[in-house]
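Every value quoted in this text rests on a predicted model; they were computed, and no experiment measured them. No hydrogens, no waters, no symmetry mates; every other heavy atom, side chains included, goes into these values. Sequence lines set the chain letters: A, B, ... in the order given, protein chains first and strands last, and positions in each chain run from 1.
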Amino acid sequence: MDDSVLQSSRNMESSSSTYTDIDGDHPKAIIHIDIDCFYAQVEMVRNPELRGAPLGIQQKNIVVTSNYEARSFGVKKCMLVSDAMKVCPNMKLVNGEDLHNYRTASNKIFAVLQCWKCPVEKLGMDENFIDVTNLVQEKLKSVNTAGLAVSGHTYSEPSMECPCGCHARLRIASQIASEMRKKIFDDLGYTTCAGIAHNKLLAKLICPLHKPNDQTTIYPEHGTSFMSTLSSVRSIPSIGSKTTETLISHKIITVSDLQEAPLEVLKKIFSSDMAVRLKNLGLGEDNTPVKQTGKPQSIGLEDSFKTVSVKSEVEDKFSALLQRLLVLMREDGRIPVSLRVTLRKRDAKRLSSHRESRQAQISPSIFTLNNGLLTVTDAGQQKLMSIVMRLFNKLIDLSKPFHLTLVGLAFTKFQERMTGRSSIVNYFMNDISVQSVLNLQNDCDTSATSMDYSAVSPSSSTTTDLSDAEVEPSPKKPKKVNWIAKRRCLAKEEVASPSKLKVGELRLNSKELEKVSELRLNSRDRSLTPRASPAKDNLSDASDSMKDIEEGACEDCPSYVDKEVFNALPDEMQQELKAMWKNPAGADKPRSSPRKNKAKTNTIMKYFVPQK
DNA sequence: TAGAGCGAG
DNA sequence: AACACTCGCTCTA
């Protein structure tokens, strides 16, 4: 039985692993949603004339994707245009080299999925994971699930009831998946596929079983047997070309091979953790969480070329990259604290990899917020360039000849985004950077949902708001701080096109203005990347309205600070906060050990924590 | 913590 | 198809 295999593998790893799941316990419910032939659908939504006939999306001389009509003629992904036209002479072609519309569509879909108030993780432009575990639990409380059937296909009927209750949870999740797909179709016009499982791995892999415009649920008991139907280990997400090579060199080629490989053998090839992970993946086990997608953790650009061997040319390349990068930074709105220089030396052996990089802290004073807009003076840009070239000198010995094929520039840390309850700065924020985007474009129309258990349909769960949860009050916290993003009711069209919302928000008041400005600036326009911020392309029309924002009394304050609150603080505390903002590295560790909440003495925390 | 490597789309 | 681009995660020193 599958469980016995799981059992034995778990026992082997349990000694060194922190894995805490109980065997046979499958508490989560994960949905993976994939937009059918994404580019082609975007074009057909834009221009309905294209529907019903074969359509190909062209980039350069290649048909990168096509609609299902074209596929029925044998048009494949990444086919040469000439070959595609041979098998499908009537196919219409649309140029898809400008990704702007695709990004916009992707963000709209992401925004719709946010309506369910569950963690949503974007994977590329056309895939999303949603962890609906909590929503399912709510529904279980309020709904009799006895006669509830699965919505859509089932990979395989369960042989018996799982004692942990996952079958009922997954059935509910399948209903939620149906709702989500329906809303995406009703609001935006896109058909989708979904996979429903108790983990991300199975949800993603089961998703394409019934294509297009359908969904599939798989129960935990079939995880291992389903995985064994995959011919190559390469088809497992997170097993890429390198890992596949290594596995194959040890005669592990199919997923079945991986399942049967003893953990001790894998541990001789890989690190212990990696071996455990691989073994579990092979068996269909995966405990990686769905991570809410928000702002990117680094913003960078790179440029590749045949060869650059002169330092003045290098300087030109970096300068051009920096100019472009500063535009992106302005759109993002956050103040960077660290800068990384990357380059690739010409190497006969390896063409792609072998990048090298150096990074350095940068003084945040290079950047200033003018009327909420991130700006850099000419002197600041020169300063940045000198840092860049200093890092470049670390990488290249200029006394010897060099040949580069790529240079890159990235800002890698930001002042904003001090999340976590430990950060005192949270108490002065009037914007929760990531979640507030969610809140503002949220409030999806509940009447549109088809589910009969209205108590837990999207956005009707008014009891819990993410912003409320995030700023959970602490006993010592100063009362009455005006940080909670206001929630507003929107019509459906406004959800699909949040620009109206943002403009509306601008009419509120000056303090709200700055918050909205950050939301707007959150709207970076980047290419082909995951982690793009939601609902961005729709907001550019709000930018002109940002010109005349008043300057607050605290010139040094970061933009997220409620200046009214700041000015009400004791002078000593104001000074300390200012010092902290001047030297964020010392005060703020955004992503390090969020659990540890050490109240450092001799900081502003002493105002809130009892002293011994 | 920085830097390299792998993986994703 | 192979490569270009951008970003996240993990491992190691």
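- In this model, the phosphate group of B:dA4 is approached by a side-chain N or O of A:S357 to a distance below 4.0 Å at OP1 or OP2.
- Contacts of A:K413 with the nucleic acid, taken as non-hydrogen atoms under 4.0 Å apart, involve only primed sugar atoms and P, OP1 or OP2.
- Residue A:S241 has its side chain nearest to B:dG7 when only C:dC11, C:dC5, B:dG7 are considered.
- Side-chain contact annotation: A:Y102 with A:E43, donor-acceptor N/O pair under 3.5 Å present.
- Using a 3.5 Å distance cut-off with no hydrogens or angles, the side chains of A:D273 and A:S271 do not pair a donor with an acceptor.
- The distance from atom CG of A:L343 to atom P of C:dT6 is 15 Å, rounded to the nearest whole Å.
- Dashed line: the shortest gap from a side-chain N or O of A:K122 to OP1 or OP2 of C:dG8 is not under 4.0 Å.
- Distance from the side chain of A:S298 is smallest for C:dC7 among the nucleotides B:dA4, C:dC7, C:dC9.
- As a whole-Å value, the separation of A:F129 CZ from B:dA8 P is 11 Å.
- When heavy atoms are screened at a 4.0 angstrom cut-off, A:K204 is found touching the sugar-phosphate backbone but no base atom.
- One finds no salt bridge joining A:K242 and A:E245 here, because no Lys/Arg side-chain nitrogen approaches an Asp/Glu carboxylate oxygen to under 4.0 Å.
- Here A:R277 reaches the OP1 or OP2 of C:dC11: one of its side-chain N or O atoms lies under 4.0 Å away.
- With B:dA8, B:dA4, B:dA2 as the candidates, the nucleotide lying closest to the side chain of A:R358 is B:dA4.
- The distance from atom CD of A:Q59 to atom P of B:dG9 is 16 Å, rounded to the nearest whole Å.
- Nearest to the side chain of A:R344, among C:dA4, C:dT6, B:dC6, sits C:dA4.
- Counting only heavy atoms from C-beta on, A:L301 has its side chain closest to C:dT6 among B:dC6, B:dA2, C:dT6.
- Taking side-chain N and O atoms only, A:K291 has a distance below 4.0 Å to OP1 or OP2 of C:dC9.
- Atom CZ of A:R103 is separated from atom C1' of C:dC7 by 14 Å (rounded to the nearest Å).
- Of the candidates B:dG7, C:dC9, C:dC5, the closest approach to any side-chain atom of A:Q297 belongs to C:dC9.
- Under 4.0 angstrom from either OP1 or OP2 of C:dC5 there lies at least one side-chain N or O belonging to A:S304.
- Note on A:I239: only backbone sugar-phosphate atoms sit closer than 4.0 angstrom, heavy atoms only; bases stay farther off.
- Picking from B:dC6, C:dC7, B:dA8 the nucleotide with the shortest atom distance to the side chain of A:T243 gives B:dC6.
- When the nucleotides B:dG9, C:dT6, C:dA1 are ranked by their closest atom to the side chain of A:C78, C:dA1 comes out on top.
- The closest side-chain donor-acceptor pair between A:Q41 and A:T191 falls under 3.5 angstrom.
- The closest side-chain heavy-atom distance from A:L205 to A:M227 is below 4.5 Å.
- Side-chain atoms of A:Q359 lie closest to B:dA2 of the nucleotides B:dA2, B:dC6, B:dG9.
- Which of C:dG8, B:dG9, B:dA8 sits closest to the side chain of A:R234 comes down to B:dA8.
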